[in-house]
Each structure stands twice: as C-alpha cells, then as structure tokens.
Amino acid sequence: MVQSIFNATKLVNIYAYLGDVLLSRETFDQIPRKDTYTWNSMLSSYVRNGYYREAVNCVNEMLLASNVQPDFYTFPPVLKACRTIHDGTRLHCWVVKMGFQWDVFVAASLVHMYCRFGSFDIALKLFKDMPTRDMGCWNAVISGFCQNGNANETLSVVDDMRLEGVDMDAVTISSILPICAQKDDILHGMLIHLYVIKHGLEFDVFVSNAFIFMYAKFGKLECAQRIFDQMVVRDLVSWNSIIAVYEQNDCPHDALMFFYEMLGNKFQPDVLTLVSLASTIAQTRDSLSGKSIHGFSIRRCWIMEDTIIGNAVVDMYAKIGALDPARKVFEELSCKDVISWNTMITGYAQNGLADAAIEVYRMMKDCEDFTPNQGTWVSILPAYAHIGALIDGMRIHGQVLKVGIDTDVFLGTCLVDLYGKCGRLGDAMFMFYEVPRVSPVPWNVIISCHGLHGHGENCMQLFRDMLDEGVMPDHVTFLSLLSACSHSGLVDQGKWCFDVMQHNYGMKPTLKHYGCMVDLFGRAGQLDVAYNFIERMPMRPDASVWGALLGACRTHGNVELGKKVSDRLFEVDSENVGYYVLMSNLYAKFGRWERVDEVRSLARDRGLRKTPGWSSIDLHSRIEVFYTGNRTHSQHEEIYKELAILNAKMKSLGYTPDYNFVLQDVEDDEKENILTSHSERLAIMYGILNTPPRTPIRIYKNLRVCGDCHNVTKFISKIMEREIIVRDSNRFHHFKDGICSCGDYW
DNA sequence: TTAGGGTTAG
C-alpha cells in the first residue's frame, strides 16, 4: 500500500521511465485524490512512451475535472503529442485561456508544433511576439523548419539568431547538420565542424551522430569513422549510423561487421537497424541472411506495424532476385504506401519481368488510394522501354508534363531511354537536351541508344561533347561506347576507348568491358585476335566473355574454334541454354546433324529447355505476341496467306531462302515453311494487315533476329513500302526501301 | 526522472 499521493505519483513516473505505460496507468487509477503533479506525471508517461492519442485524451479529462488546475508543466509534453497526431488547435485555445501562452517552455512547444504542421506564418508570428526567448525557443523554430525539410528558411533563422549574438548550441548543430547533408554543402558542414571543436561540443552524442550521418552522405567514410572512433559514449543511433554509412557506400561487409560489434556491445537492434541491414543483405545477395532478417522482423511484429521495414524487406528480396517472397511480403503488408508499390514495380522491372511490373502498376492505378509519383514513373518507364511499349510510355510522358517535372534528371533519363529503346532516336535526342547533363548517366543512356541503332560515329561525337561539357565519364560510359563500336564495326575506335579508360581515367576494366572487346573483335571476324585477347586477360574470363566469342564463331562459321570455345565455356557455365543453342546452330550450319543431336541431348540431360522465340508488336495500345509457328491467333490464316504471296514476289526479285538458319534436318520445302513461320515475320505481317499503308511498323523480338529474316525484312520494306524497325535482344534494325541501316553488320 | 528545442531509414 503506497503511503502518500507523492509516493504513488513517484511510482507512476518510475513505471513510465521503465517503459511500462499500462502499469503506470494502473497506479495512476488507484490514486484516490489526484493532484496536478499526478496528472502531469501520467501525461508525460504517455508522451515519453509514444502514446500520443492517449495523452491528448488524458489532458481533456484533466481539463474537464473540477478539482484540479493545470500548471506550466502540463502543456509542453501534450503539445509534443499534438504535433505528431496533427491535432493541436483546440489545446492552443486552452493554453491561451489559462494564460500559459508566453511561458517559454509552452511557447517553444507551440512554435515547434506549428512548424511541423507546415503553418510557418503562425509559428513565426508567435516566435516574434514572444516577450522572452531562450535557446530552446530559437531551437524550436530552427528544428521545426529542418524537420519539414525547409533548408533555406532554417539557415535564415540561424543567421538571425547569430546576428542577435546568440551562439549555436549542441541542439542547434544537430538540427542543422542534416540540412548540410541534404544540400550536399560540404563547406558549411566542415565550418560547423570547426565551430563545434572550438566550442567544445564534439563530445555530445547527438552532434557526433549527426556528423557521422553527414559525412556518410558526402561519401567521406574516413571522417565518419574517425568521429565514431572518438566517441566516448555511443548510443543505438551511433551504431545504426555507422552501419548505414557502410551500407550506403556499397561496403556491405563492413556494415555487417559493425552490426555484429553492436550486438557484442549489448545493443538490441531496432527498426532502423533492420532497414539498413536489409539493404546490406540485398548487396551481398545472401538469401539465407535475408530470410533471417525477414524472420526477425516478423517475430518482433515490426513488419506488421511499420511500412518502412516492410518495404525494405520487399526491396531486399527483389534485389536478391527472390521475386515470389518479395511479392508475398508485399501482398501481406498491412499498410501499403506509394513506396511499397514503387518498390514492387522496380523489383520486377530490374529483374527483367516487365510484364509483372506493368501488372502491378495497373493494380496500383486501380487502387484509388494511391497517386503515382516521380518514383512510380521512374520504376515503370524502364519496363515499358524493355518491351517497346511506346504508346504506354508516351502516356506516362504526358502525365509527367502535366505535373511539370519533365526536367527531373531521373525521369528525363528514363524518357530518353524509352524513346531510344522504342526506335525514336529523334525524340530521345530532344528529351536528352531537355534534362540537366552534369551527371554521366543521361550521357550513358543516349550513347547506348545510338549504339543500339548502330550509329557508332554519333556515339563517339557524343563522347567528345560530354568531355567538352566537363562531364566525367564512368565505367558505364565506356561500356556503352565499346558496345556501340562493336555493333558498328569500329574496331580501332573501340581499341582507343579501351586504352583511354585505363590510361586517361585510371579505370580498371571489368569483365563486362573485356566481354565487349571480345565482341568487337569477334563481330569484325578477327576471331584469332579475340581468342588471344581472352588468353591475355588479367582475370578469369566468365561465360559472357566466352559466349561473345562463340557467337562470333557462329556468325563467321568457324566450327573448329567454336568447339574449342564451347569446351571452355561449358567449364564455367553449363546451365545457360543459350550457349547450347549457339553451338548446335553452328553445327547445323555445316549440316553436321550428328553433332547437333549430341549438343541437344547434352542440354536435355542437364534439364535445360530452349527459350522459345517470340516477337511482339504494340498496336492500338495492345501488345500482341507471336510465337514461332503460331497457328492459334485469330488472324493466323490471313497472315500465312499474305506471307505466301509475299514469298512469291520476293523470289521474283531475287530472294533465295537461306536454309543455314533452319536448325532441323528436314527437306527443303519444309525448311522454307519453317522460315516463313518465324515469329518476327508473323508480327510484321500482322502489323501490315492492321495499320494504314506507309505507316512504320515497330516490332520486338526476344532473341536475335535470324539472318534470313533480316534479309526478308529488307524485301518486305521495299515491296510493301514500309519502314520497319525491329528491336531484338541485341540491337535495332531499321529497314527502309530494301536497305537496313546496319549495313548488314550486326 | 512532472516541462520545451536535437541525431539514423524504405
């Protein structure tokens, strides 16, 4: 039995301090004659533990009770609750009525609350009208602006404060450092660091934590680490920050090391630790750890309560490539926000599953609760670009223009990519000149678009323009350039780029760069050069490098080298069906059917199935897909009939079918039928039948276009007087008047 | 430790 109100109230406070609000309330309820001190304690118990709604209800109860009067301790904590639940005007009236408006603690709480509501006029008026201001009042308005992301207003208040001769304290510093990080203002950040040292504030935990975060944003890992090392006392935020430093700067193993060290120091991870950890695991692609993180957040019930951790887990699974678990977590999120949808769409798009990305985007649009934003468009546009859905992509462009954010560098770059990949180079160039071009990314995209169209010389010119504008190329720039040179037969320029990246920019080529070089030599028929190049590589060639050479052996018909290369290739990758197909194609070209069977049965024994070839066409906002030999389409009879008529016309103009591209050992008549039913021809004929004369036809083929279809498309473009743009898995083929823009080099 | 203003995330 507790002896006095005073002691009973002490217990309310102790339970609050220990985080047990229920026990705190139980004790409070048992006190028969509660005084102001008792009520104030209960209120702060709620607020301290995040029970904001309850705090507001409790203060209403108190204000209506006749036997007790609030004092200047009553309002500050409740106003803190009000700003979080966005409901404080009524309480402000009470404050005024009771005459506590100009108590410095109360006034500071009011100012901060109105800043957080975004009602800056009210906040500033209150601030200016205060009869006395202390440090807390200045900080209330400064942090209020900061937390609403109003960087410029914040800095102007800081200037006013210093003009009045008031020095910044630790609270001011830790409020404004995130603004320096947000504005990428290294100079001010470092000046503040000097100020902190001069004023002896460097041992404040909040200040140190804010510096760790700021230096991490600037990419200055050593500075962040030095501050962390010098800290005398570290809290959970310090550990979370140092983990995030390494996670955000692509050093997942260091991030994990600090996580284990944190556990060793007896700190329990919180939601924020888990969010960083999920991103870390996504980088290491360790699916087992991914499952542990997911399990941990389920056991703590965080995934149910916190959308951010849910989104982080969806993102983690998607980055690991585990789309089914990602989708399951996404479906089960109790509260989805726009970012949840964007994460799921990006997950599918980045794993090449454009159809699934589009399906999720449609579901999102059907939900009236969510309005697509910049993030949504940045995630869906690459999916449309991937499948060549120009009309859908243009619809997004329309929405972007309506909102007026078409010069956003991320969106602009996605639009450049869309137009480039959909065969509209002119529109891509137009968009490119609309976006800011200080980062190499838009340059890389436009160079890669020109490369896909076989315009190698344009790519070299763009590269020169980029350097003239003072933009630093990165690894991707050189990949785009090398690939462009390779598709355009610019062997010397390709060699020059490879040399420049190493000697002028000090970049070490990656496997991908080596792969491009092999492709460059291989396509140009310099098979021995390519082979010797691989032999001299300073790292172990992977399947893509050998695969590039095997493709060249197929194009240039070198069976002996092809055999040698495929042996090396299957040593490093025996699971990729594409390489078996390439090898069997090579044997088929020379009629070595026994070898063809051998390679095919090898692939079969390993449980590999050939990817079926298909082509698609985007007509009247509907994507029609044709598989090779398709006879189920509603117009298939008409399509085949027209193709037969076309065949006869082509032959009169000198066309002879190239049976090298038939991979079955059958009679010539049958070989001709097989060629006629290739998916790209079905899609082109469908386009011709369903669009007005002379309109261009754009189709997409999931594999590489076969040589015979390439030849036939030239004839079709002449006979039918159509411009035909075919995008395959490799590049663009632009046919007009019987000629292909690639000059038959691809 | 009955009160205001501070740091970290998808």
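The chains referred to below are lettered A, B, ... by the order of the sequence lines, with proteins before strands, and numbering in each begins at 1. Excluded from the calculations below are hydrogen atoms, water molecules and symmetry mates; all remaining heavy atoms, backbone and side chain alike, are included.
- Side chain of A/N139, nearest nucleotide from B/dA3, B/dA9, B/dG5: B/dG5.
- Closest to the side chain of A/F72, from the set B/dA3, B/dA9, B/dT7, is B/dA3.
- Among the protein residues, A/C146 comes within range of no part of the nucleic acid, since none of its heavy atoms lies under 4.0 Å from any strand.
- Closest to the side chain of A/K217, out of B/dA9, B/dT7, B/dG4, is B/dA9.
- Following rounding to the nearest Å, A/R116 (CZ) and B/dG4 (C1') show an atom-to-atom distance of 13 Å.
- Note on A/S208: nothing from the nucleic acid sits closer than 4.0 angstrom, heavy atoms only.
- Taking every side-chain heavy atom of A/V271 into account, B/dA9 is the closest of B/dG5, B/dT2, B/dA9.
- Using a 4.0 Å heavy-atom criterion, one finds that A/F213 contacts the sugar-phosphate atoms exclusively.
- Heavy-atom neighbours of A/F410 CZ from other residues, nucleotides or ligands within 6.0 Å: at or below the threshold of 12.
- Across B/dT8, B/dG4, B/dT2, the shortest atom-to-atom separation from the side chain of A/S109 is found for B/dG4.
- Taking 3.5 Å as the limit, the base of B/dG5 and the side chain of A/D169 contain a donor-acceptor pair of atoms between them.
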Exercise. Going through the distances and angles, do A/K34 and A/V68 end up as a side-chain contact (heavy atoms from CB on, under 4.5 Å)?
Worked result: CA-CA 8 Å; A/K34 302 172 183 71; A/V68 65; over 6 Å; no

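- Remark: A/S276 is not in phosphate contact with B/dA9, judged by side-chain N or O atoms under 4.0 Å from OP1 or OP2.
- The interatomic distance linking A/L79 (CG) with B/dA3 (C1') rounds to 11 Å, in whole Å.
- Taking the six-membered ring where tryptophan is involved, the planes of A/F117 and A/H86 are tilted, since the angle between them lies from 30° to 60°.
- Using a 4.0 Å heavy-atom distance criterion, A/M135 is classed as a base contact.
- In this entry the distance linking CG of A/D103 with C1' of B/dG5 reads 14 Å, nearest Å.
- Across all strands, A/S143 comes closer than 4.0 Å only to sugar-phosphate atoms, never to a base (heavy-atom distances).
- Contact annotation: A/N13 side-chain N/O to B/dT2 OP1/OP2 distance is under 4.0 Å.
- When each of B/dA3, B/dG6, B/dT2 is scored by its nearest atom to the side-chain atoms of A/K10, the top-ranked nucleotide is B/dT2.
- As a whole-Å value, the separation of A/F75 CZ from B/dG4 P is 14 Å.
- Taking atom CD1 of residue A/I293 and atom C1' of nucleotide B/dA9, one finds them 14 Å apart after rounding to whole Å.
- A/H199 places a side-chain N or O within 3.5 Å of a backbone atom of A/Y195 that can act as its donor or acceptor partner.
- In this structure, A/H193 and A/Y215 have tilted ring planes: the angle between them lies in the 30° to 60° band.
- Closest to the side chain of A/S174, from the set B/dT1, B/dT7, B/dT8, is B/dT7.
- Here the side chain of A/V237 is nearest to one of B/dG4, B/dT8, B/dT2, namely B/dT8.
- Residue A/A244 is out of contact with every strand shown, counting any heavy-atom pair closer than 4.0 Å.
- As judged by a 4.0 angstrom heavy-atom cut-off over every strand, A/N342 is placed among residues making no nucleic acid contact.
- Considering only side-chain atoms of A/A210, the nucleotide from B/dG6, B/dG4, B/dT7 that sits closest is B/dT7.
- Interatomic distance, A/N342 CG to A/I380 CD1, rounded to the nearest 0.5 Å: 10.0 Å.
- Between the base of B/dG6 and the side chain of A/D204 there is a donor-acceptor pair shorter than 3.5 Å.
- When the side-chain nitrogen and oxygen atoms of A/Q147 are compared with OP1 and OP2 of B/dG6, one or more of them lie within a distance under 4.0 Å.
- Taking atom CG of residue A/D235 and atom C1' of nucleotide B/dT8, one finds them 9 Å apart after rounding to whole Å.
- Within 3.5 Å, no donor on the side chain of A/D134 pairs with an acceptor on the base of B/dG5, nor the reverse.
- For A/V104, whose side chain is taken as the heavy atoms from C-beta onward, the closest listed nucleotide among B/dT8, B/dG6, B/dG4 is B/dG4.
- Within the 4.0 angstrom heavy-atom criterion, no nucleotide atom of any strand lies near A/E247.
- In this pair, A/Y361 and A/Y384 present their aromatic rings perpendicular. The plane angle is above 60°, beyond the 30 to 60° band.
- When the P atom of B/dT8 is taken as reference, atom CD1 of A/I309 falls 18 Å away, rounded to whole Å.
- The aromatic rings of A/F258 and A/W239 lie tilted to each other, with the angle between the two planes from 30° to 60°.
- When the P atom is used for both B/dG5 and B/dT1, the distance is 14 Å, rounded to whole Å.
- Here A/Y73 does not count as stacked on B/dA3, because the ring centres are not under 5.5 angstrom apart with planes under 30°.
- Among the atoms of the strands shown, none is found under 4.0 Å from any heavy atom of A/V12.
- Residue side chain A/S175 does not reach the base of B/dG6 through any donor-acceptor N/O pair under 3.5 Å, judged by distance alone.
- Looking at heavy-atom distances under 4.0 Å, A/R83 makes contact with sugar-phosphate atoms alone, never a base.
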